[in-house]
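Quick note: numbers below take in every heavy atom, side chains included, and nothing from hydrogens, waters or symmetry partners.
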Amino acid sequence: MDNETHNASQLLSPHSARNLFDSVDAFLFDCDGVIWKGDSLIDGVPETLDMLRSKGKKLVFVTNNSTKSRRQYANKFRSLGITVTEDEIFSSSFAAAMFLKVNGFPREKKVYVLGEEGILEELELAGFTGIGGPFTFFHIVRLSCLLIGLRLSSISSLVFQSGRSVFSFLLIIGRCIQMPFEHFMDGNNIYMQEDGTKTVQLKPNSLFEHDKSVGAVVVGLDQYVNYYKLQYGTLCIRENPGCLFIATNRDAVGHMTDLQEWPGAGCMVAAICGSTQKEPIVVGKPSTFMMDFLLQKFHISTSRMCMVGDRLDTDILFGQNAGCKTLLVFSGVTTQSTLEDPSNDIRPDYYTSKVSDVLNLLEF
């Protein structure tokens, strides 16, 4: 690495913070390791976001974590005392659904999800049928409410406050979406089993069946990943003609809790890569697929945007690929020693300890 490349990153200072602030109209923030760790806000984030909004800066949140939908992320922000609209959130779960939509994925085809509820909800909102994932009774009810245009909290309170049974609830939902009650039932048992709890039977003359109408497999972060899901996704990709293999992202680790890193979606993606011998279409960072939607919505030149993140290989590379300015923070995955390692060839424009340094360094 030559000296010019090595010296490209600047430590954020009062002077450079002012230059950055004046040169951009929008700040794009990663979430895990930048805004929060697990369910804990990082110090100074609310005040910094308030300051940026008060100065007319557009704020957008671009996350690779596919476990939540945009609606669920807006709720998480709200629970942490920060007001963010769904329109300001671009998640990899949303990106997966939009990739299928803009590429004309057939509505009659199904999507197998090796992931969690965020992907399933975004697929449903985009008009696609998702199977797999954590498909519990409450997930069935929530998706049913989406179909009939009601909030889950509204319809559930009407049913449960009236003293009706869960079975009445299922019957009402079934009638609303014109789906027979038996769809939710198997004898006297409610369908509450998740793919995450299913097991395989490795016996002689035992054939693992899968849905031949699956036209795409979406793989994201999945804390319920198991051998059943891996086999299902593998068979769909290998045996269903033209089946797409889509990855929300390939993050190796992430801050699922505030105290430590956990395996990321990249682990699940690598497993399917190994079993299928195929490479996925990646829709999350560092792919610029989500940037296309950002540009359509906000009409701001990428040269007037700053991507703020804690990962070099996703956040910073995403910003660089899109032509944005980039700010690396050390509050998440990347450390200063990693940044300065001679083997690292991804250099942000600026780096600092945490997001609130922007607030502390600027003087108004």
Test side-chain hydrogen bond (donor to acceptor under 3.5 Å, both in side chains) applied to Lys285 and Asn64, Asp251, Asp30, the passing residue:
Asp30
Stepwise side-chain contact (heavy atoms from CB on, under 4.5 Å) check, Phe330 with Leu339
CA-CA 10 Å; Phe330 296 136; Leu339 172 64; 3.9 Å; yes
From CA spacing to verdict: side-chain contact (heavy atoms from CB on, under 4.5 Å), Leu244, Asn103:
CA-CA 11 Å; Leu244 299 173; Asn103 285 282; over 6 Å; no
Backbone of Glu88 reached by a side-chain donor or acceptor of Arg70 within 3.5 Å
no
For Asn65 and Thr63, does a side-chain donor sit closer than 3.5 Å to a side-chain acceptor?
no
Step by step, work out the salt bridge (Lys or Arg N to Asp or Glu O under 4.0 Å) result for Lys354 and Asp357.
CA-CA 6 Å; Lys354 55 187 181 298; Asp357 290 344; 3.7 Å; yes
Least distance between heavy atoms, Asp315 atom then Met307 atom:
O-CG, 3.3 Å
Under the 3.5 angstrom rule, does the side chain of Arg304 hit a backbone N or O of Ser23 as a donor-acceptor pair?
yes
Sub-3.5 Å donor-acceptor pair from the side chain of Ser356 to the main-chain atoms of Leu359, do we have one?
no
Assigning hydrophobic clusters by single linkage (Ile, Leu, Val, Met, Phe, Trp, Tyr; side-chain heavy-atom cutoff under 4.5 Å), is Val253 placed with Met256?
no
Asp25/Lys58 ion pair, N-O < 4.0 Å:
no
Parallel, tilted or perpendicular: which one describes the rings of Phe128 and Phe105, with boundaries at 30° and 60°?
perpendicular
Please check this pair: side chain of Thr326 against backbone of Asp349, looking for a donor-acceptor N/O pair closer than 3.5 Å.
yes
Can you confirm if the NZ or CZ of Lys57 lies within 45° of the ring axis of Phe21 and under 6.0 Å from the centre of its six-membered ring?
yes
Tyr232/Tyr112 aromatic ring centres below 6.0 Å:
yes
Step through the shown structure and confirm whether more than 12 heavy atoms of other residues, nucleotides or ligands are within 6.0 Å of NZ on Lys278.
no
So among Ile131, Ile119, Asp222, Val219, which one has a side chain to side chain contact (heavy atoms under 4.5 Å, CB included) with Val113?
Ile119
Please report the C-alpha distance between Glu117 and Gln72 in whole Å, then the side-chain angles of each, then the deciding distance to 0.1 Å, and finally whether the side-chain contact (heavy atoms from CB on, under 4.5 Å) criterion is met.
CA-CA 10 Å; Glu117 190 175 352; Gln72 291 170 317; 3.7 Å; yes
Looking at Val282, is its backbone amide N or carbonyl O close enough to the side chain of Ser287 to form a donor-acceptor pair, meaning the two atoms are under 3.5 Å apart?
yes
Just checking, any donor-acceptor pair under 3.5 angstrom between side chains of Asp87 and Thr85?
no
Checking Gln320 side chain against Arg347 main chain: does a donor-acceptor pair fall under 3.5 Å?
yes
Report, as yes or no, whether the 6.0 Å neighbourhood of atom CG on Asp50 holds more than 12 heavy atoms from other residues, nucleotides or ligands.
yes
May I ask you to decide if Pro286's main-chain N or O and Asn321's side chain share a donor-acceptor pair within less than 3.5 Å?
yes
Can you tell whether the side chains of Glu122 and Lys101 come within less than 4.0 Å, N to carboxylate O?
no
Would a hydrophobic clustering, with Ile, Leu, Val, Met, Phe, Trp and Tyr connected at side-chain separations under 4.5 Å, put Leu317 with Val333?
no
Sub-3.5 Å donor-acceptor pair from the side chain of Thr288 to the main-chain atoms of Ala322, do we have one?
no
Identify the two heavy atoms, one from Val34 and one from Ser331, that lie closest to each other, and give their separation to 0.1 Å.
CA-OG, 4.1 Å
Where the side chain of Thr276 meets the backbone of Thr234, is there a donor-acceptor pair that is under 3.5 Å apart?
no
With Phe61, which of Phe90, Tyr73, Phe77, Phe94 fulfils ring pair (Phe, Tyr, Trp, His ring centres under 6.0 Å)?
Phe77
Do other residues, nucleotides or ligands put more than 12 heavy atoms under 6.0 Å from the OH atom of Tyr227?
no
Evaluate Leu49 against Phe29 for side-chain contact (heavy atoms from CB on, under 4.5 Å), listing each step before the verdict.
CA-CA 10 Å; Leu49 299 183; Phe29 292 97; 3.8 Å; yes
Minimum heavy-atom separation for Gly132 and Leu120, please, with both atom names.
O-CD1, 3.7 Å
Sub-3.5 Å donor-acceptor pair from the side chain of Arg53 to the main-chain atoms of Leu59, do we have one?
no
Of all heavy-atom pairs linking Lys76 and Trp36, the shortest is NZ-NE1, 3.4 Å
Do Leu202 and Leu235 share a hydrophobic cluster (ILVMFWY, side-chain heavy atoms under 4.5 Å, transitive)?
yes
More than 12 heavy atoms of other residues, nucleotides or ligands under 6.0 Å from CG of Asp39: yes or no?
no
